[in-house]
Number of protein chains: 4
Amino acid sequence: MRSNNDSHGLTFIEAARRAQIVDAAVALIAELGYPQVSIAKIAERINVAKSVVLYHFKTKDALIAAIVEDVMTTAAVTMAPLLTAESTAAGKLSAYIRANVAVLHEHRLRSVAMFEIVGAYRSADGRRFDQVAAESVQAEPPEGELALLDPLAIFDAGVRSGEFRPLPSVFMRNALRAALDGAVSELASNLDYDVLGYGEELVTIFDLATRRTT
Amino acid sequence: MRSNNDSHGLTFIEAARRAQIVDAAVALIAELGYPQVSIAKIAERINVAKSVVLYHFKTKDALIAAIVEDVMTTAAVTMAPLLTAESTAAGKLSAYIRANVAVLHEHRLRSVAMFEIVGAYRSADGRRFDQVAAESVQAEPPEGELALLDPLAIFDAGVRSGEFRPLPSVFMRNALRAALDGAVSELASNLDYDVLGYGEELVTIFDLATRRTT
Amino acid sequence: MRSNNDSHGLTFIEAARRAQIVDAAVALIAELGYPQVSIAKIAERINVAKSVVLYHFKTKDALIAAIVEDVMTTAAVTMAPLLTAESTAAGKLSAYIRANVAVLHEHRLRSVAMFEIVGAYRSADGRRFDQVAAESVQAEPPEGELALLDPLAIFDAGVRSGEFRPLPSVFMRNALRAALDGAVSELASNLDYDVLGYGEELVTIFDLATRRTT
Amino acid sequence: MRSNNDSHGLTFIEAARRAQIVDAAVALIAELGYPQVSIAKIAERINVAKSVVLYHFKTKDALIAAIVEDVMTTAAVTMAPLLTAESTAAGKLSAYIRANVAVLHEHRLRSVAMFEIVGAYRSADGRRFDQVAAESVQAEPPEGELALLDPLAIFDAGVRSGEFRPLPSVFMRNALRAALDGAVSELASNLDYDVLGYGEELVTIFDLATRRTT
DNA sequence: GATGAATGAGGCTTCATTCAT
DNA sequence: AATGAATGAAGCCTCATTCAT
């Protein structure tokens, strides 16, 4: 065991560079959009040679993957503590929305960057980000915190228990995810968008929309 | 005025070519994503020289603008007749959602292409599609049918008349637009997505979410 | 039918450029060796932009293929008339060697370039030139003049008719081909190598080596 | 003199690493071709850092030189015992061919690697392998076993003694060397090529071709 | 003895655009 | 109305090599 390696097998300096590169890439992607960000621009932003970026990531796709992982982990880690407390489906739903919106608010740049990537990334063979992701999810379903990112289970549980009105979970999930993604879209155009306020309104909307009608 | 010019000052041939190019571009963008579509690919798809495309559009940006205009016009024209009949805010809202969703369903490729463009387009100076669009909207507010594309007025009217519960119109509009865009996002991944079913669920959600509570 | 197209569908100017590029590439490959020749160097040599080369050939591999075709055609066309006259196997064999050697002598640069390519080319998936060529030969056996490039048939015929001693045609062919390639190898190191003299000696060697012993 | 240095001034460890690196390089060159083999690939194959390879060899050219020396020495050492026994020129010639072919057969990979290097190597200033080698041969003519690698002396002696017909030794040598190199060429395309059979045929050919005619 | 980090040069290719015909 | 030819900028990536540790 080498002394200056952390648990991921990375040197301190390596980890630092990687973080620096990821940060630069995130900032640039959020600002310029995914397709406009080149390895050259990333390198220039941190004053290193292009090859340094490729030394640490080997491929543009690998860099993107690292960014995505970073964002997802950040999101999951931030959201997790805000979710576990709740017991009712309605409570979980509100908590989910608020937690999600809180992440967007606290990690604006990362969120916007992720949004840009999801919207514009294509794999070498032309597949969309979602499709590539869906595939890897099937191969290896997310565990623990990452599983919390999909609200489908909340709707399913609420319906099953009768706490929610009968509703098509998948459409509901899609609507909620879309509404939340919409917040990032606004954020992308205006970093000062009141995401939290928007989130509260979403809480109201989805509360009213799922509630059992008497 | 030359005899074979239509109202836009285009000859038949010119109009036909432009339509052909737009169609090819739409199909390619929907399939490959905006950043992956080059003028070369568009030209190749319709078996003409690259320069033909640029002869008819002068610039890639001009081509994109033409596509956007085409899509928006198609959408407005399709939606318009489905909207005017309604008198209540709730009625208008439902009609708006159904009309919007109907457009997506009937013009899948165009919708997906538009979605790709909105997500990935950047002007030469790096501004997002929305930003560029917002600007030109300010300079020249949309009239007639195009005005119908923004549901903000519906929420405003519903609140003002007391038909809707008091609600923040802008957030509501954003949530609705996002939810509708979400449909296109699903469509982009899967052209067989049940947009109409999803639309019905949105009708329910937004009905429940705007209704005056007794 | 456009007026300035030749039978291959190429414009005059296109044909001229292609020839110019091929010539430059041949000269550079002969001088520097295949791996050292880049599209940039070729372009520089004829004072055009790199992209011009790629405009006319699309790919480095396509350029190489064009060179190879050019060399082979040149060789076949040059050799053909020198071969048909002969009727005996021995006569054909001598003629083949002399014809081959004559080509090398008259088209030194092209021969050396071809030699360099055969020695160093690898397809994208790592296969050797011979292997790629063998494959395409199997798919579409060479006809007419190109068929003359392989002396195997001569040995086969000579053995079958009893004009040659019993001998393993394939090994014999390989030895002859190798000896002829050796001439190019010498040429590559020294453009003034006496290929014709060497050829005469080969004629002697293979005459003695195939002759029926009494 | 340090205790763990051998006669070349290398420690055991150093010698072992060098051998390991040379072996890896040989295998890779034989498989992928000289131009496709990079120091990175060599290092990766033996699971060390790129810099390790350069620590032991300082330069890619130095590594190649080491490989060449290794191959030549292997060849000379293998051939030597098979040659000394013969007294007649014809005997020596047959022995030379058989010995050479035996080396190719027993050290396929090394032979193919050498073949790839000879075919594709260029010094920094663009000179071919042969040319660089010829130069160093002139500066320091090979002694002992290495001298045996060139069959020119055999032809010279055979002619001088009248055992061979009058023949141009240099052309003859070139033809023989080329024919032998051809075996490696076949080997490069197909490691199962019957080199020994081919060698026997060469023995026959060159026997018939050098024999005094009555 | 080994290695991680960095680098700059150069490789092939794609792109939007211009211009003369 | 169409097109062939050319271009330079930019994109990603590979390479041999250097240097401090």
Side-chain angles (χ1 to χ4, degrees), chain A residues 2 4-5 10-14 16-17 35-43 47-63 124, chain B residues 10-14 16-17 35-43 48-63 124, chain C residues 2 4-5 10-14 16-17 35-43 47-63 124, chain D residues 10-14 16-17 35-43 48-63 124:
Chain A
R2 277 170 292 162
N4 47 356
N5 280 8
L10 301 178
T11 310
F12 281 132
I13 181 167
E14 161 98 20
R17 261 279 189 262
Q36 270 70 32
V37 172
S38 65
I39 289 186
K41 280 181 187 143
I42 296 170
N47 287 315
V48 294
K50 255 187 329 208
S51 37
V52 171
V53 175
L54 288 160
Y55 169 73
H56 289 280
F57 286 99
K58 203 127 116 205
T59 266
K60 200 195 185 188
D61 272 23
L63 169 55
Chain B
L10 302 177
T11 61
F12 283 131
I13 260 193
E14 166 99 15
R17 262 279 190 261
Q36 270 70 32
V37 172
S38 65
I39 290 188
K41 281 180 187 146
I42 296 170
V48 294
K50 251 185 340 205
S51 33
V52 172
V53 175
L54 286 159
Y55 169 75
H56 287 281
F57 287 99
K58 194 132 160 204
T59 265
K60 200 193 185 188
D61 273 23
L63 168 55
Chain C
R2 275 169 293 161
N4 46 356
N5 280 9
L10 301 178
T11 309
F12 280 133
I13 181 166
E14 161 98 19
R17 261 278 190 262
Q36 270 71 30
V37 172
S38 64
I39 289 186
K41 280 180 187 146
I42 295 170
N47 287 314
V48 294
K50 253 186 332 208
S51 36
V52 171
V53 176
L54 287 161
Y55 170 72
H56 289 281
F57 286 99
K58 203 126 121 204
T59 267
K60 200 195 186 188
D61 272 23
L63 169 55
Chain D
L10 302 177
T11 61
F12 283 132
I13 259 193
E14 165 100 15
R17 262 279 190 261
Q36 270 70 32
V37 173
S38 65
I39 290 188
K41 282 180 187 145
I42 296 170
V48 294
K50 252 185 341 205
S51 34
V52 172
V53 175
L54 286 159
Y55 170 75
H56 288 280
F57 287 98
K58 194 134 159 202
T59 264
K60 201 194 185 188
D61 273 22
L63 168 55

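Reminder, nothing fancy here: chain letters follow the sequence lines and each chain counts from 1. Values reported hereafter were calculated over all heavy atoms of this structure, with side chains retained and with hydrogens, waters and symmetry mates removed.
Residues A/T59 and A/D61 approach most closely at CG2-N, 2.9 Å, considering heavy atoms. Shortest non-hydrogen contact noted between C/A40 and C/K50 is CA-CG, 3.6 Å.
Stem analysis of DNA chain E (at least three stacked-register Watson-Crick or G-U pairs, each with both distances under 3.5 Å) gives E:2-21 with F:2-21.
Phosphate proximity of E/dA6 to A/Y55: absent, as no side-chain N or O sits under 4.0 Å from OP1 or OP2. Note on D/R17: a side-chain N or O is less than 4.0 Å away from OP1 or OP2 of E/dA2. An OP1 or OP2 oxygen of F/dG4 is reached within less than 4.0 angstrom by no side-chain nitrogen or oxygen of C/H56.
For A/I13, counting side-chain heavy atoms from C-beta on, the closest listed nucleotide (E/dA5, F/dT3, E/dA2) is E/dA5.
D/R17 CZ to D/T11 OG1: the interatomic distance, rounded to the nearest 0.5 Å, is 11.0 Å. Rounding to the nearest 0.5 Å places CD of C/E14 at 6.0 Å from OH of C/Y55.
At whole-Å resolution of the value, CG in C/N47 and C1' in F/dA6 are 14 Å apart. In this structure, CZ of C/F12 is placed 16 Å from C1' of F/dA5, rounded to the nearest angstrom. Taking atom CG of residue C/L63 and atom C1' of nucleotide E/dG11, one finds them 15 Å apart after rounding to whole Å. As a whole-Å value, the separation of A/E14 CD from F/dT21 P is 18 Å.
Take D/L54 and apply the side-chain contact (heavy atoms from CB on, under 4.5 Å) test, not counting sequence neighbours, and it matches D/I39. Listed by chain and number, the residues in a side-chain contact (heavy atoms from CB on, under 4.5 Å) with C/S51 are C/A49 (sequence neighbours excluded). Not a single side-chain contact (heavy atoms from CB on, under 4.5 Å) links A/A16 to another residue, sequence neighbours left out.
The nearest heavy atom of DNA chain E to D/A49 and to A/V48 marks one nucleotide each, and the one closer to the 5' end goes with D/A49.
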| task | Spell out protein contact along nucleotides 9-16 of chain F as letters: B when the base is contacted, S when just the sugar-phosphate is, - when no protein heavy atom is under 4.0 Å; keep the 5' to 3' order. | result | -BSBBBSB
